[in-house]
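Side-chain atoms are counted along with the backbone in the values below, which use heavy atoms only and exclude waters and symmetry mates.
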Amino acid sequence: MKMSILAGLSVVLLCLVWRFRPGIPGWPRSSAASTVESYWRTWVCFLLSSMAASSVVMLLVDAPGIESALGYARWLFSAHAGTDSWMPMLRASEHLRMHPDIPVFPAVFFEQHVKFQYPLTALLVLDVPMALFRVDGATVVTALQILSRLCVPGIGVVFFKLFMGAAQPSNPDSRLPLQSTAFLMGLCFVSVVLFYPISRSEFHGQIQTSMTLAAALALLAWQRGNPKLAGVLIALCCVIKPQWAIVILWALLRRQWVFAVSATLTTGVFLLIATAMYGLGNMLDYVSVVSFLGRHGESYFINQSVNGLMNRLLFNGVNLQGAGLVWSGTDFPPFHPVVYAATLVSSILVLGLAMLWNVTKRPGALDLALIMLALTIASPIAWDHHYGVLFPIFAVVFPAALQRRPWGRWTLPILWGTFVLTSQSFNTATNLFAGTRFNFLQSYLFFGALMMLALLCRLSSQERPAAPGAHAGEPQPRSASEASLQ
């Protein structure tokens with residue numbers, strides 16, 4: 001019943017917006033402002049139509065409401081607090097305190113089969129507050145859960161600023177009437193809580209929510225011409241996931257020295273602190289965990305990567321109706337040479353593409369978004385909540401795509417398909433094919449991410465090199481008609 005009401009309401013609202021084209025309250029009247037207003041109106045249509053599509057699918061398969069963006073989002077307004085990241089981190093932290101002479105990764109990851117897959121630098125968010133304030137781990141986790149919940153509206157604020165910066169790059173900080181700003185902020189907050197990868201991340205208690213905010217802020221700093229701050233924020237991502245250091249190499253290839261130096265120095269400080277606290281041996285042991293994860297990966301359906309796709313296609317690991325569709329905190333699929341080879345080759349190709357794409361051009365926000373998304377896609381294990389980074393990426397892509405129409409009349413349908421596949425959950429429907437040759441449908445989010453990667457490449461190639469003195473993230477129009485929109 002709830003799904004039918006949601007589907008009907010979404011369709012009715014979509015028809016009203018499409019038919020009457022309502023304006024933003026208090027929005028200034030000018031040709032350039034009207035263009036930006038139309039971008040926001042199109043965003044509302046995308047949001048409503050994606051909700052309608054998800055609701056209809058849920059009705060067709062008679063699925064419970066929890067496995068949807070709205071199903072997860074409603075928990076954001078409750079006292080529910082997941083511990084998906086925090087519990088493995090607490091186990092590792094407790095081991096280091098209780099057994100300082102026993103290496104942590106061999107004991108916790110390989111012997112106890114606790115999926116603590118972060119580098120030890122990630123434990124600093126737990127251990128440093130515990131040492132400074134003399135509190136226990138549970139208290140720090142509670143504080144981190146509160147901060148994580150606050151990251152959700154924070155991501156919405158950054159989305160608003162990124163969207164406006166992409167829609168009017170010549171004057172991204174122009175002041176809007178308070179009424180317009182309040183309305184758009186509310187719209188951005190609704191958008192972020194209805195974005196499935198983010199709502200699921202926060203529901204399960206993932207450190208990824210905080211990392212998504214850091215990545216979004218890095219993108220905003222880059223767009224506003226502050227590479228030093230962008231580098232520091234990317235370093236915070238490296239502290240949690242070392243593969244984000246690829247962004248530093250990306251910057252070095254483009255001679256973005258300020259960004260690369262600030263990111264390297266910040267990461268180095270965290271590495272030195274962690275080494276002093278946990279010992280060099282424990283730090284180096286993480287290599288064995290990374291190697292193991294690269295060789296095995298995950299077959300669980302929310303692993304939206306080439307590794308997950310291949311494991312499922314070859315029925316390697318548990319991915320059948322029943323136990324295979326229930327998360328296991330201890331099991332990994334057995335090593336499969338075909339899966340390993342496909343994972344390795346695809347990772348090299350995706351990262352190579354992003355690293356070398358328009359390497360001689362001064363990189364803008366679209367280029368930084370490209371490498372961010374590429375390193376997520378290329379990871380052997382890319383859970384659906386890792387794609388929360390797509391939300392701020394949409395903020396820079398959406399106005400640019402509507403303005404430049406990189407694929408002509410097909411641009412809007414492709415952009416819509418990308419948004420629907422990556423913003424909504426269709427797991428209940430696609431899991432019906434888990435035990436069949438059609439289980440590739442379980443990788444729908446991965447396919448949507450590839451569509452976004454192609455769109456980013458196309459938009460990046462349409463940009464002219466930035467003029468001397470221009471901001472690093474400032475897109476350059478290719479025609480007089482585009483310039484008139486600014």
Side-chain angles (χ1 to χ4, degrees), residues 3 6-22 24 35-60 68-70 73 156 159-160 162-163 166-167 184 187-188 190-199 304 366 369-370 373 377 384 387-427 429-430 441 443-460 462 485:
M3 284 295 105
L6 179 60
L9 182 61
S10 300
V11 172
V12 169
L13 290 175
L14 176 63
C15 292
L16 290 174
V17 173
W18 188 267
R19 173 66 178 82
F20 296 104
R21 300 179 182 276
I24 297 172
T35 300
V36 176
E37 186 181 39
S38 71
Y39 296 163
W40 282 109
R41 189 184 301 115
T42 305
W43 176 260
V44 172
C45 290
F46 272 45
L47 189 65
L48 291 172
S49 59
S50 67
M51 290 298 298
S54 175
S55 302
V56 169
V57 171
M58 298 288 282
L59 284 171
L60 292 175
S68 65
L70 185 63
F159 179 90
F160 167 74
L162 282 169
F163 195 105
L184 291 176
L187 173 61
C188 292
V190 171
S191 299
V192 70
V193 298
L194 293 179
F195 196 77
Y196 166 72
I198 293 178
S199 60
Q304 297 291 308
L366 292 168
L370 175 61
L373 180 58
I377 291 174
D384 49 9
Y387 287 97
V389 71
L390 277 167
F391 186 71
I393 288 175
F394 268 111
V396 296
V397 166
F398 202 82
L402 294 181
Q403 182 181 16
R404 301 174 198 166
R405 303 281 176 166
W407 285 310
R409 68 180 62 182
W410 289 101
T411 299
L412 202 60
I414 292 173
L415 185 61
W416 182 82
T418 302
F419 182 76
V420 172
L421 290 176
T422 57
S423 67
Q424 299 296 320
S425 172
F426 300 99
N427 288 332
T430 57
L441 295 173
S443 297
Y444 65 89
L445 197 160
F446 172 68
F447 297 137
L450 288 178
M451 292 168 65
M452 175 59 84
L453 192 71
L455 185 55
L456 281 166
C457 288
R458 178 63 176 159
L459 288 171
S460 172
Q462 288 184 324
L485 294 177

Colleague: Donor-acceptor check, side chain of S54 to backbone of S50, threshold 3.5 angstrom: yes or no?
Modeller: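 Such a contact is absent between S54 side chain and S50 backbone.
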
Colleague: To check you understand the geometry: which heavy-atom pair defines the closest contact between A395 and P399, and what is its length?
Modeller: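 Scanning both residues, the minimum pair turns out to be O-CD, 3.2 Å.
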
Colleague: Looking only at heavy atoms, which two atoms of Y387 and A449 are closest? And how far apart?
Modeller: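 What the structure gives for the nearest pair is CE2-CB, 3.5 Å.
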
Colleague: Given 3.5 Å as the limit, does a donor-acceptor pair link the side chain of Q304 with the main chain of L445, or not?
Modeller: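 Such a contact is found between Q304 side chain and L445 backbone.
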
Colleague: Quick check: do V44 and L13 have side-chain heavy atoms less than 4.5 Å from each other?
Modeller: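 No, every pair of side-chain atoms sits at 4.5 Å or beyond.
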
Colleague: Could you grab the distance from atom CG of L366 to atom SG of C457, nearest 0.5 Å is fine?
Modeller: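 Interatomic distance, L366 CG to C457 SG, rounded to 0.5 Å: 10.5 Å.
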
Colleague: Working to the nearest 0.5 angstrom, can you tell me the gap between E37 CD and T42 OG1?
Modeller: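 Those atoms lie 10.5 Å apart.
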
Colleague: Any idea which heavy atoms bring A53 and V420 closest together, and the distance?
Modeller: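 Taking A53 first and V420 second, the nearest heavy atoms are CB-CG1, 4.5 Å.
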
Colleague: I want to check something: taking the side chain as every heavy atom from C-beta on, are F391 and P197 in contact at a cut-off of under 4.5 Å?
Modeller: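 They are not in side-chain contact.
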
Colleague: Could you walk me through whether L194 and S423 pass the side-chain contact (heavy atoms from CB on, under 4.5 Å) check?
Modeller: CA-CA 8 Å; L194 293 179; S423 67; over 6 Å; no

Colleague: How far apart are the C-alpha atoms of F419 and L47, what are their side-chain angles, what is the distance that settles it, and do they pass the side-chain contact (heavy atoms from CB on, under 4.5 Å) test?
Modeller: CA-CA 9 Å; F419 182 76; L47 189 65; 4.3 Å; yes

Colleague: Just by modelled atom types, is the C45 backbone N or O under 3.5 Å from a matching donor or acceptor in the S49 side chain?
Modeller: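 Answer holds: yes.
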
Colleague: Within the distance-only criterion (no hydrogens, no angle test), does the side chain of R41 pair as donor or acceptor with the backbone N or O of P22 below 3.5 angstrom?
Modeller: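 Yes: the side chain of R41 pairs with the backbone of P22.
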
Colleague: Going through the distances and angles, do F46 and F394 end up as a side-chain contact (heavy atoms from CB on, under 4.5 Å)?
Modeller: CA-CA 12 Å; F46 272 45; F394 268 111; over 6 Å; no

Colleague: Using 0.5 Å steps for rounding, measure from the CE atom of M452 to the CG atom of L456.
Modeller: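 The CG atom of L456 is 6.0 Å from CE of M452, to the nearest 0.5 Å.
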
Colleague: Without swapping roles, check the side chain of Y39 against the backbone of F163 for a donor-acceptor pair under 3.5 Å.
Modeller: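 Here the side-chain-to-backbone pair does not exist.
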
Colleague: Quick one: CD1 on I393 to CG on L162, what's the gap to the nearest 0.5 Å?
Modeller: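 I393 CD1 to L162 CG: 10.0 Å, rounded to 0.5 Å.
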
Colleague: Carefully, step by step, assess W416 and L412 under the rule side-chain contact (heavy atoms from CB on, under 4.5 Å).
Modeller: CA-CA 6 Å; W416 182 82; L412 202 60; 5.8 Å; no

Colleague: Hey, what do you get for CG (L453) to CG (L370), rounding to the nearest 0.5 Å?
Modeller: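 It is 5.5 Å, given to the nearest 0.5 Å.
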
Colleague: Can you say whether the rings of W40 and F159 are parallel (under 30°), tilted (30 to 60°) or perpendicular (over 60°)?
Modeller: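 The arrangement is perpendicular - the two ring planes meet at more than 60°.
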
Colleague: Would you call L455 and W407 a side-chain contact if the rule is heavy atoms closer than 4.5 Å?
Modeller: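 L455 vs W407: side chains touch.
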
Colleague: Write down the atom of A369, the atom of V396, and the distance for their closest heavy-atom approach.
Modeller: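 So the minimum-distance heavy-atom pair works out to CB-CG2, 4.4 Å.
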
Colleague: Distance alone, cut at 3.5 Å: any donor-acceptor contact between the side chains of Y444 and D384?
Modeller: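 Judged by distance alone, the side chains do not pair up.
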
Colleague: How close do T411 and P406 get, counting heavy atoms only, and between which atoms?
Modeller: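 Looking at all heavy atoms of both residues, the shortest contact is OG1-N, 3.4 Å.
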
Colleague: Working to the nearest 0.5 Å, report the span between CZ of R404 and CG of L402.
Modeller: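 That separation rounds to 11.0 Å.
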
Colleague: What heavy-atom pair brings T422 and F195 nearest, and what distance separates the two atoms?
Modeller: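 Answer, listing the atom of T422 first, then F195: O-CZ, 3.8 Å.
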
